Amino acid sequence: SAALPAPMQAGPAAPDGSAYVLVTPLGLLFRALGPSPLERLIRPEGWPAAEGAVTDLVLDAAGKRLAMLWAGNVVVLEGLR
């Protein structure tokens, strides 16, 4: 039988630490580090988070997509970089 794939690292940071996301009252702060640093404040439609807690943020390894659980719904944001 084939070996099982390694589990994905979950969390609000890229596995190599090159990007991360913080939940703030104003929106989601996305920061990418390295030779082309980037900082963006993202306000998804329906923000503020007071309408429901944002939990379980997962940033993909490339730092381009974010999935989160927001008020019981899975929300995926793309094109972060």
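These numbers were taken from a predicted model, which means no experiment stands behind them.
Residues Val23 and Leu57 are in side-chain contact: their nearest non-hydrogen atoms beyond the backbone lie under 4.5 Å apart. Using a 4.5 Å cut-off on side-chain heavy atoms (C-beta onward), Pro44 and Met68 make contact.
The two residues Ala14 and Ala61 come nearest to each other via the heavy atoms CB-O, 3.8 Å. Closest approach of Pro37 to Gly34, counting heavy atoms only: CD-O, 3.2 Å. Closest of all the heavy-atom pairs between Gly63 and Ala19 is CA-CB, 4.4 Å.
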### Task
Kindly indicate, with the supporting measurements, whether the criterion side-chain contact (heavy atoms from CB on, under 4.5 Å) is fulfilled by Ile42 and Leu77.
CA-CA 9 Å; Ile42 303 162; Leu77 302 175; 4.1 Å; yes
#### Entry: side-chain contact (heavy atoms from CB on, under 4.5 Å) evaluation trace for Val76 with Leu66
CA-CA 6 Å; Val76 177; Leu66 173 72; over 6 Å; no
### Query
What do the steps show when you test Leu80 against Leu38 for side-chain contact (heavy atoms from CB on, under 4.5 Å), and what is the final call?
CA-CA 9 Å; Leu80 298 178; Leu38 173 67; over 6 Å; no
### Query
Yes or no on side-chain contact (heavy atoms from CB on, under 4.5 Å) for Ser18 and Arg31, after CA distance, side-chain angles and deciding distance?
CA-CA 8 Å; Ser18 64; Arg31 294 191 74 202; over 6 Å; no
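Counting side-chain heavy-atom gaps under 4.5 Å among Ile, Leu, Val, Met, Phe, Trp and Tyr, the cluster of Leu33 also holds Tyr20, Leu22, Leu29.
Using modelled atom types, one side-chain atom of Arg81 and one backbone atom of Ala62 make a donor-acceptor pair closer than 3.5 Å. Not one N or O on the side chain of Arg65 forms a donor-acceptor pair closer than 3.5 Å with the backbone of Leu59.
Atoms CG and CH2, on Leu28 and Trp70 in that order, are 8.0 Å from each other to the nearest 0.5 Å.
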